Amino acid sequence: MLDREFFLGFIKIHILHHASKGPIFGAEIAGELGRHGYHLGPGTLYPTLHRLEKEGYLEQRPAVVEGRARKYYVITNRGLEVLSEARAKIGELVDEVLEKGAATQMEGEE
Ligand SMILES: [Zn+2]
């Protein structure tokens with residue numbers, strides 16, 4: 001079982017990433033996260049979406065789909081900014097944690 005707090009950052013970045021491609025909604029993003037092995041219940045997913053909205057990274061766009069109300073979320077400019085910062089940091093983290101080019105880096109540090 002994944003530690004929820006530890007992976008919440010990954011999940012938030014993942015949500016912002018998909019929101020940057022187009023509007024998202026809860027069930028869709030739950031399916032997408034599940035595909036990546038993050039199985040979130042509604043008790044985690046919806047508070048996370050609300051938090052991203054409260055922090056100004058997502059905005060709600062309610063719509064009616066086949067006669068039913070659905071809450072879509074779209075990314076804000078602030079969300080795009082934080083996502084681009086996160087991308088740079090993820091790149092660094094991946095290189096270091098997966099030890100890509102680790103030998104070169106260590107030589108450079110000496
Ligand atoms: Zn994905």
Side-chain angles (χ1 to χ4, degrees):
M1 182 65 195
L2 301 176
D3 183 273
R4 192 190 280 180
E5 279 302 306
F6 191 83
F7 288 98
L8 200 54
F10 291 1
I11 288 164
K12 288 167 83 172
I13 291 165
H14 206 125
I15 291 172
L16 289 182
H17 168 71
H18 284 286
S20 79
K21 309 283 181 193
I24 56 165
F25 61 94
E28 173 198 47
I29 206 74
E32 169 61 21
L33 290 168
R35 199 171 66 79
H36 290 282
Y38 301 98
H39 300 286
L40 272 71
T44 303
L45 180 67
Y46 290 97
T48 303
L49 287 170
H50 290 150
R51 204 170 324 153
L52 286 167
E53 186 188 7
K54 212 175 152 194
E55 288 163 349
Y57 302 140
L58 291 179
E59 266 175 23
Q60 272 191 45
R61 290 273 188 285
V64 176
V65 180
E66 290 164 11
R68 295 187 59 189
R70 181 182 281 171
K71 274 184 200 165
Y72 280 95
Y73 289 90
V74 295
I75 198 163
T76 63
N77 286 335
R78 192 163 168 211
L80 287 170
E81 270 172 39
V82 84
L83 184 61
S84 106
E85 277 177 43
R87 281 195 175 116
K89 288 189 164 35
I90 288 166
E92 268 183 44
L93 186 67
V94 165
D95 285 352
E96 188 158 336
V97 172
L98 301 185
E99 296 179 18
K100 285 182 187 164
T104 334
Q105 243 179 327
M106 282 173 73
E107 269 172 44
E109 279 167 14
E110 280 171 9

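Nothing here was measured: the structure is a model prediction, and the numbers come from that model. Order of listing sets the numbers, starting from 1, for every ligand and every atom in it.
Considering CG of Leu49 and OH of Tyr57, their distance stands at 14.5 Å, rounded to 0.5 Å. Note that CD of Glu53 is 12.5 Å distant from OG1 of Thr48, once rounded to the nearest 0.5 Å. Considering CG of Leu58 and CD1 of Ile24, their distance stands at 5.5 Å, rounded to 0.5 Å.
Ion pairing between a basic and an acidic side chain is recognised when a charged N comes within 4.0 Å of a carboxylate O; Glu85 and Arg87 show no such pairing. Salt bridge Arg78/Glu59: absent, no basic N to carboxylate O contact under 4.0 Å.
Protein N/O/S atoms closer to the Zn ion (ligand 1) than 2.8 Å number 4 in this structure.
Legend: ring pair (Phe, Tyr, Trp, His ring centres under 6.0 Å) pairs involving residues 14-33, not counting sequence neighbours, sorted by first then second residue: His14-His18, His14-His36, Phe25-Tyr72.
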